[in-house]
Protein chains: 2
Amino acid sequence: MSIPDSPHAPRSLTDPLQALTEQERAELLTLQRLERRAKGEYLFRAGQPLERYYAVVEGCVRTYHLHDDEEFTLDFYTEGQTVLPAVAGKGIFAPSFAVCMEDCLLNVTDEQLEREVFARLPRLKDICQQQSEQLQLMHQQELAVQKSASPEQRYAHLLATRPSLFERVPQYQIASYLGIKPESLSRLRKRLQQN
Amino acid sequence: MSIPDSPHAPRSLTDPLQALTEQERAELLTLQRLERRAKGEYLFRAGQPLERYYAVVEGCVRTYHLHDDEEFTLDFYTEGQTVLPAVAGKGIFAPSFAVCMEDCLLNVTDEQLEREVFARLPRLKDICQQQSEQLQLMHQQELAVQKSASPEQRYAHLLATRPSLFERVPQYQIASYLGIKPESLSRLRKRLQQN
DNA sequence: TAGCCATCTTAACCAACGTCAATGAAAGCC
DNA sequence: GGCTTTCATTGACGTTGGTTAAGATGGCTA
């Protein structure tokens with residue numbers, strides 16, 4: 001029995017598709033391309049050209065960054081989230097690695113598909129752009145939190161907003177997401193239990 | 001004598017206007033709106049609707065975030081940089097404060113002006129969008145550095161890429177940008193001198 | 001000039017994280 | 001079953017940043 005993530009999770013927004021009619025949504029469904037990826041598969045690696053972008057329909061994707069042979073987890077993406085800001089196209093290169101933590105069902109979009117979708121649903125383009133700007137600002141916010149909160153506060157925040165992550169990914173990767181070592185997360189948890 | 005910032009500064013990109021013709025650039029100049037702001041003036045405050053966005057032509061703007069009555073500096077914007085990701089419009093609210101560190105000359109764009117500019121220079125829209133996506137990815141990168149580097153490394157990086165900042169803003173704000181207290185920055189500098 | 005204010009530095013002490021190493025627990029494999 | 005591998009925990013110890021408080025410096029103003 002898994003605790004669902006809070007609707008106030010940092011990445012949850014008003015569903016951008018609400019603005020579409022029933023019919024438009026149905027059409028969108030016929031257009032979208034779904035792909036399965038096995039646990040451990042990479043969606044992209046740092047430095048590669050980004051020709052597609054991905055939304056998680058089912059499963060969990062982790063992005064991370066390498067520095068001195070050490071992994072630094074940037075984010076976890078689960079059901080309904082788009083991996084990275086949805087950015088792809090010529091001259092765009094992946095700034096990080098993205099790997100499936102579980103078997104995943106992904107909604108994949110490339111440049112051509114995007115053009116087709118926007119041609120069929122012109123209103124969607126503006127919606128997506130606004131969505132992207134919102135996400136960008138939320139990212140700013142996240143950076144702010146990252147900077148001003150202690151590891152303990154960040155842990156509490158993650159636990160409150162995305163509890164299900166703790167059942168889906170190993171703790172040492174959560175530690176890396178919080179910006180601390182696994183040993184420190186262990187002690188932090190112990191400290192919190194005692195008080 | 002001020003040391004110019006490195007061309008490899010985190011926010012420097014290929015000039016998006018290179019792709020325009022001489023003529024188009026000239027037209028752009030006639031369209032843009034410049035405003036002067038005095039040192040200490042705010043461009044926006046957290047929570048306010050963002051109806052304009054700003055590019056720094058001359059001067060320096062600092063964005064920061066409030067948390068428990070304490071300021072956390074998010075970034076410094078100087079000549080040629082756009083304050084925040086260039087985002088404005090209905091339903092967009094400022095996630096932070098933006099204040100002029102010096103008397104500034106700013107390039108101001110609102111929704112209406114943006115429409116006019118894009119109507120005159122249709123190619124610019126795609127260029128700006130691509131630029132925005134690049135910036136978004138660079139932001140991801142920055143978050144990665146923020147997470148994986150020690151304060152000392154971040155200090156060295158800032159000193160290497162944006163040395164002029166150290167002559168333009170007080171050190172306690174740089175400390176706040178690096179995510180440490182002014183006293184710690186003092187000690188850190190002393191440590192580095194001795195080694 | 002004296003006084004005030006903002007900024008930077010230094011010192012002492014404490015708390016928290018990193019490192020290294022060892023131990024346990026759980027899962028997967030032969 | 002026994003083995004290995006992976007992951008979480010614990011302890012000892014060093015380093016570093018936060019806190020508090022005290023000066024030092026320089027600029028500005030009454």
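Chain identifiers are assigned alphabetically (A, B, ...) following the order of the sequence lines, protein sequences preceding nucleic acid strands; residue numbering begins at 1 within each chain.
If you check C/dT9, C/dT7, D/dC7 against the side chain of A/P170, the one that comes closest is D/dC7. Each of D/dG17, C/dC8, D/dA8 was ranked by its minimum atom distance to the side chain of A/S186; first place goes to D/dA8. Of the candidate nucleotides C/dG18, C/dA16, C/dT10, C/dA16 has the atom lying nearest to any side-chain atom of A/R191. Ranking D/dC7, D/dG17, C/dG18 by closeness to the A/K181 side chain, first place goes to C/dG18.
Between the side chain of A/R187 and the base of D/dG11, no donor-acceptor pair of N or O atoms lies under 3.5 Å.
When heavy atoms are screened at a 4.0 angstrom cut-off, B/P151 is found touching the sugar-phosphate backbone but no base atom. Note on A/P182: nothing from the nucleic acid sits closer than 4.0 angstrom, heavy atoms only. If you check every strand for non-hydrogen atoms under 4.0 Å, B/E183 touches a base.
Computed from coordinates, the A/E70 CD to C/dG18 C1' distance equals 10 Å when rounded to whole Å. Straight-line distance from the CE atom of B/M101 to the C1' atom of C/dT7: 13 Å, rounded to whole Å.
Residues B/C100 and B/R37 approach most closely at SG-CB, 3.7 Å, considering heavy atoms.
Remark: side-chain polar atoms of A/D110 are paired, donor with acceptor, to backbone N or O of A/Q112 under 3.5 angstrom.
For B/Y53 and B/F44, the ring centers sit 6.0 Å or farther from each other. For an aromatic pair to be called close, the ring centres must be under 6.0 Å apart, and B/F72 with B/Y64 fails this.
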